[in-house]
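See below for the structure under consideration.
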Amino acid sequence: MRDLTNYKVSAPGPVTLTGRFVTLEPYDRDTHLAGLWEALGGAGAINELLKYFPSEDYHQPEDLDRWLQSVRPSGYVTLIARENASGKIVGMASYMRPDPKNGVVEVGSVAHGAAMKRSPMATELHYLMARHVFDDLGYRRYEWKCHNENEASKTTARRYGFTFEGVFRQHVISRGRNRDTAWFSMIDSEWPLLKAAFEAWLAPENFDGEGRQKRRLEEIRAEIKKEMA
């Protein structure tokens with residue numbers, strides 16, 4: 001474990017992170033709102049996609065913008081995902097609840113649009129965000145929390161290498177209902193292995209001519225862990 005006597009990091013701020021498949025850009029209403037609204041399905045689909053978000057339903061783009069603006073003062077840094085190949089907006093995610101004193105930050109408010117789901121862009125988004133937290137900012141702990149009923153989110157967290165830590169029962173009231181919250185994390189000592197697995201999975205040689213993965217991320221991570229043992 002590192003010497004923490006003079007430990008000091010800064011809170012995450014607006015940043016552009018560029019990968020092979022996707023680029024993340026700090027949210028700007030004029031630049032991103034219309035494209036984000038469309039990417040998340042518009043009024044016909046956005047509320048089902050974001051049903052676990054701690055906010056009221058969205059009926060028009062301005063409702064989404066109003067919520068994104070309202071959470072900024074608490075430290076949210078919302079990043080918009082843009083597909084490199086097409087230039088289209090495909091989703092979003094945010095750094096949340098920064099605790100620079102202790103080197104802890106959470107990733108949340110994750111929304112993958114239809115074009116992004118089950119694509120390398122989704123995995124690369126989370127690789128880029130984790131890499132920035134650990135390699136650029138020097139954080140010690142990166143958290144993922146979700147409604148305990150959100151099985152898809154829990155499965156995704158495990159796939160990316162987050163460790164399940166337990167359930168906080170009756171943690172908050174969300175949309176007028178109880179929410180038990182599942183907690184996951186990755187820490188700095190785990191990051192070298194997780195980073196190597198992400199990079200091996202994202203490498204061109206891991207995809208066939210039709211863009212399908214050859215090896216699963218979990219398999220790659222297990223192989224690297226065995227080699228590092």
Side-chain angles (χ1 to χ4, degrees), residues 1-2 4 6-33 35-36 39-40 50 52-55 64-84 89-113 116 121-146 153 156-157 160-163 165 172 181-195 198-199 202:
M1 183 175 292
R2 70 171 83 176
L4 301 175
N6 297 306
Y7 180 78
K8 185 177 181 180
V9 294
S10 300
V15 64
T16 298
L17 305 173
T18 303
R20 188 162 69 93
F21 300 101
V22 71
T23 295
L24 308 182
E25 308 168 359
Y27 172 71
D28 173 77
R29 173 194 167 92
D30 294 339
T31 304
H32 300 121
L33 181 59
L36 180 62
L40 301 185
L50 307 186
Y52 291 111
F53 275 37
S55 58
L64 177 60
D65 176 68
R66 190 175 301 113
W67 182 74
L68 289 172
Q69 301 293 354
S70 72
V71 294
R72 276 185 170 176
S74 66
Y76 273 59
V77 177
T78 299
L79 300 179
I80 303 301
R82 190 184 296 277
E83 183 180 22
N84 290 342
I89 292 171
V90 292
M92 71 176 191
S94 298
Y95 291 124
M96 301 165 44
R97 301 183 180 89
D99 179 5
K101 179 179 179 181
N102 294 299
V104 179
V105 69
E106 177 182 348
V107 58
S109 297
V110 176
H112 298 163
M116 192 177 195
M121 290 186 288
T123 299
E124 188 172 58
L125 177 152
H126 289 284
Y127 160 69
L128 291 171
M129 292 186 71
R131 186 182 69 181
H132 180 60
V133 163
F134 288 116
D135 290 353
D136 300 336
L137 300 180
Y139 271 64
R140 305 171 58 237
R141 175 179 168 89
Y142 192 41
E143 297 180 333
W144 178 297
K145 304 186 186 82
C146 62
S153 183
T156 300
Y160 292 149
F162 287 86
T163 296
E165 296 182 325
V172 294
T181 300
W183 286 53
F184 297 81
S185 76
M186 57 177 66
I187 58 176
D188 55 355
S189 61
E190 298 165 343
W191 176 239
L193 185 156
L194 300 176
K195 178 181 179 180
F198 271 123
E199 292 178 348
L202 290 164

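Values in this document were obtained by computation on a predicted structure and should not be read as measured data. Only this structure's heavy atoms are used, side chains among them; waters, hydrogens and symmetry mates stay out.
For the pair Tyr160/Leu194, no side-chain contact is recorded, criterion being any heavy-atom separation below 4.5 Å from C-beta on. Using a 4.5 Å heavy-atom cutoff, the side chains of Leu125 and Met116 are in contact. When side chains are defined from C-beta on, Tyr27 does not count as touching Pro14, because their heavy atoms never get closer than 4.5 Å. Looking at heavy atoms from C-beta onward, Trp191 lies in side-chain contact with Arg131 at the 4.5 angstrom threshold. With a 4.5 Å cut-off on side-chain heavy atoms, Leu137 and Val9 do not count as touching.
Legend: residues meeting side-chain contact (heavy atoms from CB on, under 4.5 Å) with Tyr52, ordered by chain and number and at least two apart, are His147, Glu149, Asn150. The salt bridge (Lys or Arg N to Asp or Glu O under 4.0 Å) check on Glu165 picks up Arg141, with sequence neighbours excluded. Partners of Phe53 by ring-ring contact (aromatic ring centres under 6.0 Å, His included), not counting sequence neighbours, listed by chain and number: Trp67. For His112, the ring-ring contact (aromatic ring centres under 6.0 Å, His included) partners are His126, not counting sequence neighbours. A search for side-chain contact (heavy atoms from CB on, under 4.5 Å) contacts involving Asp28 returns Asp30, Thr31, His32, not counting sequence neighbours.
Taking NZ of Lys145 as the reference point, atom OG of Ser185 lies at 9.5 Å (rounded to 0.5 Å). Rounding to the nearest 0.5 Å gives a distance of 7.5 Å between OG of Ser94 and CD1 of Ile80. Here OG1 of Thr163 is found 14.5 Å from CH2 of Trp183. Values are rounded to the nearest 0.5 Å. Note: Leu128 CG to Thr16 OG1 = 11.5 Å, rounded to the nearest 0.5 Å. Thr78 OG1 to Leu36 CG: the interatomic distance, rounded to the nearest 0.5 Å, is 9.0 Å. Between Leu68 atom CG and Ser55 atom OG the span is 9.0 Å, to the nearest 0.5 Å.
Side-chain atoms of Tyr95 come within 3.5 Å of backbone atoms of Met129 as a donor-acceptor pair (strictly under, hydrogens ignored). Between the side chain of Glu124 and the backbone N or O of Phe21 there is at least one donor-acceptor pair closer than 3.5 Å.
A pairwise comparison of heavy atoms in Ser153 and Trp144 identifies OG-NE1, 3.0 Å as the closest pair. Scanning both residues, Phe162 and Val107, for their nearest heavy atoms gives CZ-CG1, 4.2 Å. Nearest heavy atom pair, residue Met96 against residue Val105, reads O-CG2, 3.4 Å. In this structure, Leu50 and Ala111 approach most closely via the heavy-atom pair CD2-CB, 3.5 Å. Among all heavy-atom pairs drawn from Val22 and Asn84, the shortest one is N-ND2, 3.2 Å. Residues Pro98 and Ala11 share a closest heavy-atom pair of CB-CB, 4.2 Å.
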- [ ] Could you give me the CA-CA distance, side-chain angles and deciding distance for Lys195 and Asp135, then say whether side chain to side chain contact (heavy atoms under 4.5 Å, CB included) is met?
- [x] CA-CA 10 Å; Lys195 178 181 179 180; Asp135 290 353; 2.8 Å; yes
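Screening residues 7-25 for salt bridge (Lys or Arg N to Asp or Glu O under 4.0 Å), with sequence neighbours left out, gives Glu25-Arg82.
No donor-acceptor contact under 3.5 angstrom links the side chains of Gln69 and Arg66, judged on distance only.
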